[in-house]
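A quick write-up on the structure given underneath.
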Amino acid sequence: MAAIALGTGVAVAQDATTYPFDGTFEDATFAVESAIIGKGLVIDYRSHVGDMLNRTGADVGSAVTVYDSADVFLFCSAVLSRKVMEADPMNIAHCPYGIFVTDRDGAVAIGYRNLPDGPMQEVQELLDGIAREAVGE
């Protein structure tokens, strides 16, 4: 999948949108956490994907370091979730919502999975707003 660079360094691929973060991984995770909480949302879980990949690489026969660090913040919005699931109960497949932070060789990025057209675009707008706030836009 080819990524397309737009405007302020945003990368949009078929499945995800990412924004470069000018700072450390720790600063980026703090910015994401603050942006989510600032919207009145509760973080249900913080998944340490990078740690898991680094810890299990040898166990699965790989010496590749995919990320120096990578976390995914999972959360929900009662208002938006109800709205999109009333429109289509199968939108449960997209819940909880997630914002990820990655660090690959010092390049820190914040992003989210792109959601389907229709009612889920309102959730994608929320995710985009959180990501943009976290990167300082």
Side-chain angles (χ1 to χ4, degrees):
M1 246 176 277
I4 302 167
L6 303 173
T8 60
V10 62
V12 179
Q14 181 177 350
D15 296 326
T17 298
T18 61
Y19 295 93
F21 182 83
D22 185 21
T24 66
F25 177 80
E26 291 77 15
D27 288 344
T29 58
F30 180 78
V32 167
E33 184 175 4
S34 297
I36 293 168
I37 293 169
K39 298 279 187 216
L41 304 169
V42 175
I43 297 168
D44 295 321
Y45 186 71
R46 180 174 174 179
S47 178
H48 302 286
V49 176
D51 290 345
M52 179 274 298
L53 291 172
N54 291 335
R55 183 181 64 251
T56 61
D59 297 336
V60 298
S62 178
V64 175
T65 300
V66 180
Y67 301 105
D68 297 316
S69 297
D71 284 359
V72 181
F73 292 85
L74 300 173
F75 58 94
C76 216
S77 162
V79 172
L80 281 179
S81 294
R82 173 161 292 282
K83 185 175 182 180
V84 300
M85 288 181 222
E86 284 181 358
D88 180 354
M90 291 311 298
N91 281 332
I92 193 170
H94 307 291
C95 196
Y97 314 125
I99 302 271
F100 58 83
V101 179
T102 61
D103 180 351
R104 295 185 73 194
D105 299 322
V108 179
I110 295 172
Y112 56 88
R113 178 180 18 190
N114 293 331
L115 297 171
D117 290 337
M120 291 305 298
Q121 284 303 296
E122 192 169 350
V123 175
Q124 185 159 320
E125 289 173 18
L126 171 69
L127 297 176
D128 194 62
I130 290 168
R132 285 177 181 272
E133 180 180 333
V135 299
E137 286 190 10

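Predicted model, so just to flag it, every value in this text is computed and none were measured.
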Residue pairs fulfilling salt bridge (Lys or Arg N to Asp or Glu O under 4.0 Å) with at least one residue in residues 44-62, sequence neighbours excluded: Arg46-Asp71

Positive for side-chain contact (heavy atoms from CB on, under 4.5 Å) with Ile36, one of Leu126, Ile130, Val42: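 Only one of Leu126, Ile130, Val42 forms a side-chain contact (heavy atoms from CB on, under 4.5 Å) with Ile36, namely Ile130.
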
What is the distance from atom [atom1] of [X] to atom [atom2] of [Y], rounded to the nearest 0.5 Å?
X: Leu127; Y: Arg132; atom1: CG; atom2: CZ; answer: 12.5 Å
X: Thr56; Y: Met52; atom1: OG1; atom2: CE; answer: 5.5 Å
X: Ile110; Y: Phe21; atom1: CD1; atom2: CZ; answer: 5.5 Å
X: Leu115; Y: Glu122; atom1: CG; atom2: CD; answer: 12.0 Å
X: Asn114; Y: Met120; atom1: CG; atom2: CE; answer: 11.5 Å
X: Ile99; Y: Thr17; atom1: CD1; atom2: OG1; answer: 10.0 Å

Which heavy atom of [X] sits nearest to which heavy atom of [Y], and what is that distance?
X: Phe100; Y: Ala16; result: CZ-CB, 4.3 Å
X: Phe75; Y: Ile43; result: CB-CA, 4.1 Å
X: Ala109; Y: Thr18; result: CB-CB, 4.5 Å
X: Asn54; Y: Thr65; result: OD1-CG2, 3.8 Å
X: Ala31; Y: Ala134; result: CB-O, 3.4 Å
X: Val101; Y: Ala28; result: CG1-CB, 3.6 Å

Do [X] and [Y] belong together in a cluster built from hydrophobic side chains that touch within less than 4.5 Å?
X: Val60; Y: Val64; answer: no
X: Val66; Y: Val49; answer: yes
X: Val72; Y: Tyr45; answer: yes
X: Leu80; Y: Met85; answer: yes

Check: Asp103 side chain, Val108 main-chain N or O, donor-acceptor pair, under 3.5 Å: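 Side chain of Asp103 to backbone of Val108, a donor-acceptor pair under 3.5 Å: no, none is there.
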
Any donor-acceptor N/O pair, Arg113 side chain to Asp15 backbone, under 3.5 Å: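 Side chain of Arg113 to backbone of Asp15, a donor-acceptor pair under 3.5 Å: no, none is there.
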
List the atom pairs, with distances to 0.1 Å, where a side-chain N or O of residues 90-98 and a protein N or O form a donor-acceptor pair under 3.5 Å, not counting sequence neighbours.
{"unit_1": "Asn91", "atom_1": "ND2", "unit_2": "Val84", "atom_2": "O", "d": "2.9"}
{"unit_1": "Tyr97", "atom_1": "OH", "unit_2": "Ser81", "atom_2": "OG", "d": "2.9"}

Non-neighbouring partners of Ser34 that pass side chain to side chain donor-acceptor pair (under 3.5 Å), sequence neighbours left out: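 Per chain and number, Ser34 pairs via side chain to side chain donor-acceptor pair (under 3.5 Å) with no residue.
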
